[in-house]
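Comments concern the structure below.
Chain letters run A, B, ... following the sequence lines, proteins first and then strands; every chain starts at 1.
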2 protein chains.
Amino acid sequence: MPDQVLSAPETPKRPRGRPRKTLDERDDGNRRHDLLKAAAQLFRRKGFAATTTRDIAAAAGMQSGSPFYHFKSKDALLFAVMEEGMQSALARQRLVVETPAHRAASPVEQLRTLVRCHFDVLLGPGNDFVPVMLYESRSLNTRQRKQVAQLIAAYESLWMPVLVALEKSGQLRAPAPLARLLILGALNWSVQWFDAKKGASVATLTDTAIALFIKES
Amino acid sequence: MPDQVLSAPETPKRPRGRPRKTLDERDDGNRRHDLLKAAAQLFRRKGFAATTTRDIAAAAGMQSGSPFYHFKSKDALLFAVMEEGMQSALARQRLVVETPAHRAASPVEQLRTLVRCHFDVLLGPGNDFVPVMLYESRSLNTRQRKQVAQLIAAYESLWMPVLVALEKSGQLRAPAPLARLLILGALNWSVQWFDAKKGASVATLTDTAIALFIKES
DNA sequence: CCTACCGATCGGTAGG
DNA sequence: CCTACCGATCGGTAGG
């Protein structure tokens, strides 16, 4: 679950039973994160413009004005969702790429790992953050869009060396830059149709995608 | 331009110069279609929920209440945009598929034709209708969604025989149903990044996609 | 974080 | 198709 890689640390052990809110336990960070999670879920299901800040407040168990104690504006909430989504996706990707086994693997297996990681980021349980980024970016202002674009560039940059290697070996029959757009498009679209409860698993989805895109050497 | 295949017929010849609105010339169909075009463009750029009926009215040169003379509600306008988009896409697809040359072609060439046709529908100048359908369906109610789903099913049904043939011949290395989802996803995503003014043309885009997905026999 | 509230905007309508 | 308008909702804020 990539959105836990960087999520706020669990509050430390405390006595069992109903948690009582003492002053030193209040932990605003958790309430803020509750808002983020509620916002991500609603933005994904209904879209940014169709979601009201009242919806989000209610989903987080707050009153209508309270989200603005944590976020300056509805826009800022959207941006925070996307930033958290991309930061955790990046962290997950780095975790997987920096392993010795991955560095030693063939380009095909490296691509398989990237594809699998991407599917996990998109389709894992509770992973609404990145889908929101994929489908609601037009609601950002110019400055926010630029920042998100940087995170996306960092995320996608790890794909290019692998694709270039595959193009050179003849296993990828398309120019790497265009191949990247087409392949990531095929994966990103899975958000629209994937159903965890039926059909293929993420594992077979990954293998199918590799079989479709890659020629044996 | 697929959205002209089924568009309202041009008004017949009339005297040169500034068209005067006489009674028998009023042609409500054209005003209605102006609204549809304006709505499609705005829904695509800003999304359905972020577009106001006043925006649409202004873009069509009307007053704020006038769209409701042509459409019962904002929802009905969205649905009409999607329906027109899919009807014209279907018409274009049929036109291309029913040609004798296409029937005689190899499965690879048949797929190339379908891909090319799909790119044209998505990326052709002024073709905002189908992108709106792809990215705004969640704003439809259940009944509308079902109707749109039927049009999509009709559109996609022409792909399956071709993909099945390619799978059997070993040129497609993935089960046809999953391959269809991945391939159409790759194409549909092009709406997000394609820029007619720079980069690849639709023709090279088509050839690249085929090279990526299909193994030589 | 809640209460109470404001100004602006929005979808939609009556009547012509 | 325009004019004039209404009721509801929404993002956001002051003050505690």
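Summarising the geometry, atom CG belonging to B/L205 is positioned 9.5 Å from atom CZ belonging to B/R116; distances are rounded to the nearest 0.5 Å. Between atom CG of residue A/L36 and atom CZ of residue A/F129 there is a gap of 5.5 Å, rounded to the nearest 0.5 Å. Considering CG of B/D75 and OG of B/S139, their distance stands at 8.0 Å, rounded to 0.5 Å.
Remark: A/E136 pairs with B/R138 by the salt bridge (Lys or Arg N to Asp or Glu O under 4.0 Å) rule, at least two apart or across chains.
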| Once Watson-Crick and G-U wobble pairs under 3.5 Å are found, how is DNA chain D written in dot-bracket notation, 5' to 3', with | for any base paired to another strand? | ||||||||||||||||
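To the nearest angstrom, C1' of D/dC1 lies 15 Å from CG of B/N30. In this entry the distance linking CZ of B/R31 with C1' of D/dC1 reads 9 Å, nearest Å.
Between A/T208 and B/P175, the shortest heavy-atom distance links the atoms CG2-CD, 4.0 Å.
At a threshold of 4.0 Å, the pair B/D34-B/R31 counts as salt-bridged, since one of the basic side-chain nitrogens sits closer than that to a carboxylate oxygen. Of the charged side-chain nitrogens involved, none lies within less than 4.0 Å of a carboxylate oxygen, so that B/K37 and B/D128 do not count as a salt-bridged pair.
In this structure, B/W189 has its ring center under 6.0 Å from that of A/Y135.
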| query | Which parts of nucleotides 3-15 of chain C does protein reach within less than 4.0 Å, heavy atoms only, written one letter per nucleotide 5' to 3' as B for base, S for sugar-phosphate only and - for none? | reply | B-B----BBBB--
